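Since this is a predicted model, take the numbers as computed values, not measurements.
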Amino acid sequence: MGSDGRSWSGVAGGAGGGGEGKTRAAPAEVPTSAAAVDISLPLPEMTPRVIDLCKELVKGWSSLDSSCFSISTVSGGITNLLLKVSVKEGTDSQSSVTVRLYGPNTDLVIDRERELQAIPYLSAAGFGARLLGVFENGVVSSFIHARTLTPSDMKEPRIAAEIAKQLQKFHQVDIPGSKEPQLWNDIFKFLKKASVLKFEDNEKQKRYETISFREIQDEVKELKDLSDLLHAPVVFAHNDLLSGNLMLNDLEEKLYFIDFEYGSYSYRGYDIANHFNEYAGFDCDYNLYPDKDAQYHFFRNYLSDRPSEVQEQNLDALYTETNTFRLASHVYWALWALIQARVSPIDFDYLGYFFLRYGEYKKQREFCFSLTQGFLSSLRSG
């Protein structure tokens, strides 16, 4: 949910995989600038500053005349403004980069320090855009031609299998620093911020006051205690693998993961469940959550290079793990939406989105809890 993802960037993952050891590729030195771009300005007024930044940060562009540059908006995402910056090279060719400008107040829901620590290592491992430069309120990255996937693309068996294979490789990347899972820390931080909001709009305030944060806190604690019993593997997770953050070059048959703003060490099952929740698409139709057969197809391709040889017990375990964390995904984005409802300038019903996601949590709670408790009981008796 974090970004609408209509951006251009990335190179498909090629490191790790197959259940072998973690991969840590050495990142190249990335130039930085203390300059910032005022994201509230109209594009024509923003253009000179963006050009200056690109001249400063992109190798080989420093001596180019400003008249060689063209800038267009690629996407106005939920959290970012994305720009395509191109320069003419000769008479019929041009080269381009992506400039990503952070949206206002996004530091309340995104740990930029954590993101910037991870990007160079993910890039060096072959994931995402190649990071070209960092400035005060954004980054400059490489640009590729590919199409953004749609929610319906994600459930196409061939594409689902490729997403699973790439996600397994992504989970093998070793990011320096603490390997402690951040999911519950982030959820409790969101809960703390979300529980003390004040809205200027009276109708919004009335809707907000119907929320029981004590209930949510109790639910989160119970869900955490239950999920802890699964001892789910901890990996470096994307945490926002919606269709907009997946791109496909149909000609080359290459899949790309992009935008790692929410990336952190987390639970394997959470990353997969969060992806499955995004099958709901822009209409948030959670009836489109993949059925058991579709999930097992994904799991087989995630767990092994020989999908047909994956043992049933391993599929059952990952099915339980994923559908436990399915609930955590709903809580995470519900609380995220509450904070956005207060601070985001974007015209979107974030408050309504909170009630939608938390309502889906309550709708799925009994099934997911029963599934997990039954699985744990069978392990104890088995």
Side-chain angles (χ1 to χ4, degrees), residues 1-11 27-28 30-43 45-59 61 69-87 95-124 127-149 238-247 256-264 336 340 343-346:
M1 177 60 201
S3 135
D4 73 358
R6 298 184 188 91
S7 56
W8 300 89
S9 56
V11 174
V30 177
T32 61
S33 171
V37 178
D38 185 350
I39 195 171
S40 68
L41 293 174
L43 185 58
E45 293 180 37
M46 197 187 293
T47 293
R49 176 54 68 92
V50 173
I51 290 173
D52 288 344
L53 265 173
C54 289
K55 285 184 179 184
E56 182 181 354
L57 296 174
V58 181
K59 188 176 180 181
W61 285 16
F69 288 77
S70 62
I71 300 179
S72 58
T73 302
V74 176
S75 166
I78 297 296
T79 54
N80 300 311
L81 174 65
L82 292 151
L83 303 174
K84 176 185 176 184
V85 181
S86 303
V87 295
S95 60
S96 303
V97 298
T98 300
V99 174
R100 177 158 59 101
L101 296 166
Y102 304 148
N105 301 312
T106 52
D107 57 312
L108 292 173
V109 291
I110 295 170
D111 186 333
R112 294 295 180 192
E113 186 177 342
R114 189 164 74 191
E115 177 196 7
L116 290 173
Q117 181 187 35
I119 287 176
Y121 290 91
L122 294 169
S123 179
F127 286 95
R130 186 161 52 92
L131 186 63
L132 303 176
V134 177
F135 55 97
E136 180 65 24
N137 63 326
V139 295
V140 182
S141 307
S142 60
F143 176 98
I144 65 159
H145 292 279
R147 68 179 177 90
T148 303
L149 293 189
H238 186 287
N239 294 327
D240 193 24
L241 212 56
L242 72 168
S243 62
N245 286 338
L246 292 161
M247 303 185 73
Y256 303 87
F257 288 7
I258 64 169
D259 288 359
F260 311 124
E261 292 182 303
Y262 294 90
S264 70
W336 172 91
Q340 293 283 41
V343 303
S344 176
I346 295 168

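Interatomic distance, His238 NE2 to Ile258 CD1, rounded to the nearest 0.5 Å: 7.5 Å. Summarising the geometry, atom CG belonging to Asp259 is positioned 10.5 Å from atom CG belonging to Leu246; distances are rounded to the nearest 0.5 Å. Here Asn80 contributes atom CG and Ile39 contributes atom CD1; the two are 7.5 Å apart, rounded to the nearest 0.5 Å. Considering CG of Leu83 and SG of Cys54, their distance stands at 8.5 Å, rounded to 0.5 Å.
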Given Val139 and Glu115, is the side chain to side chain contact (heavy atoms under 4.5 Å, CB included) satisfied, shown in steps?
-> CA-CA 11 Å; Val139 295; Glu115 177 196 7; 5.7 Å; no
Stepwise, does the side chain to side chain contact (heavy atoms under 4.5 Å, CB included) test hold for Glu261 with Asp240?
-> CA-CA 8 Å; Glu261 292 182 303; Asp240 193 24; 5.7 Å; no
Phe135 and Leu101: CA distance, side-chain angles, deciding distance, side chain to side chain contact (heavy atoms under 4.5 Å, CB included) verdict | CA-CA 9 Å; Phe135 55 97; Leu101 296 166; 3.6 Å; yes
Tyr262/Val109 under side chain to side chain contact (heavy atoms under 4.5 Å, CB included): CA gap, chis, key distance, verdict = CA-CA 9 Å; Tyr262 294 90; Val109 291; 4.1 Å; yes
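Between Asn245 and Phe260, every side-chain heavy-atom pair lies at or beyond the 4.5 Å cut-off.
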Contacts table for residues 46-53: side-chain donor-acceptor under 3.5 angstrom, sequence neighbours left out:
unit_1 : atom_1 : unit_2 : atom_2 : d
Thr47  : OG1    : Leu43  : O      : 2.7
Arg49  : NH1    : Ala36  : O      : 2.5

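For the pair Lys84 and Ser96, the tightest heavy-atom approach, listed with the atom from each and the gap, is CE-OG, 3.5 Å. Of all heavy-atom pairs between Ile119 and Arg100, the closest is CD1-NH2, 3.8 Å. Of all the heavy atoms in Ser141 and Ala129, the pair that sits closest is CB-CB, 3.4 Å.
Residues satisfying the side chain to side chain contact (heavy atoms under 4.5 Å, CB included) criterion with Val30, sequence neighbours excluded, are Leu131, Val134. For Glu45, the side chain to side chain contact (heavy atoms under 4.5 Å, CB included) partners are Leu41, Pro42, not counting sequence neighbours. Scanning for ring pair (Phe, Tyr, Trp, His ring centres under 6.0 Å) contacts around Phe69 gives Trp61, with sequence neighbours left out. Scanning for side chain to side chain contact (heavy atoms under 4.5 Å, CB included) contacts around Asp111 gives Glu113, Arg114, with sequence neighbours left out. Partners of Ser72 under the side-chain hydrogen bond (donor to acceptor under 3.5 Å, both in side chains) rule, at least two apart in sequence or in another chain, do not exist in this structure. Every side-chain hydrogen bond (donor to acceptor under 3.5 Å, both in side chains) that Glu56 has, sequence neighbours left out, goes to Ser33. For Asn239, the side-chain hydrogen bond (donor to acceptor under 3.5 Å, both in side chains) partners at least two apart in sequence or on another chain are Ser264. Ser70 pairs by the side chain to side chain contact (heavy atoms under 4.5 Å, CB included) definition with Ser86, not counting sequence neighbours.
The aromatic rings of Phe127 and Phe257 sit tilted relative to each other, their planes meeting at an angle between 30° and 60°.
For the side-chain contact (heavy atoms from CB on, under 4.5 Å) criterion with Leu82, the lone passing option out of Val99, Val74, Thr73 is Val74.
Under the 3.5 Å distance criterion, the side-chain polar atoms of Asn137 are matched with a main-chain donor or acceptor of Val37.
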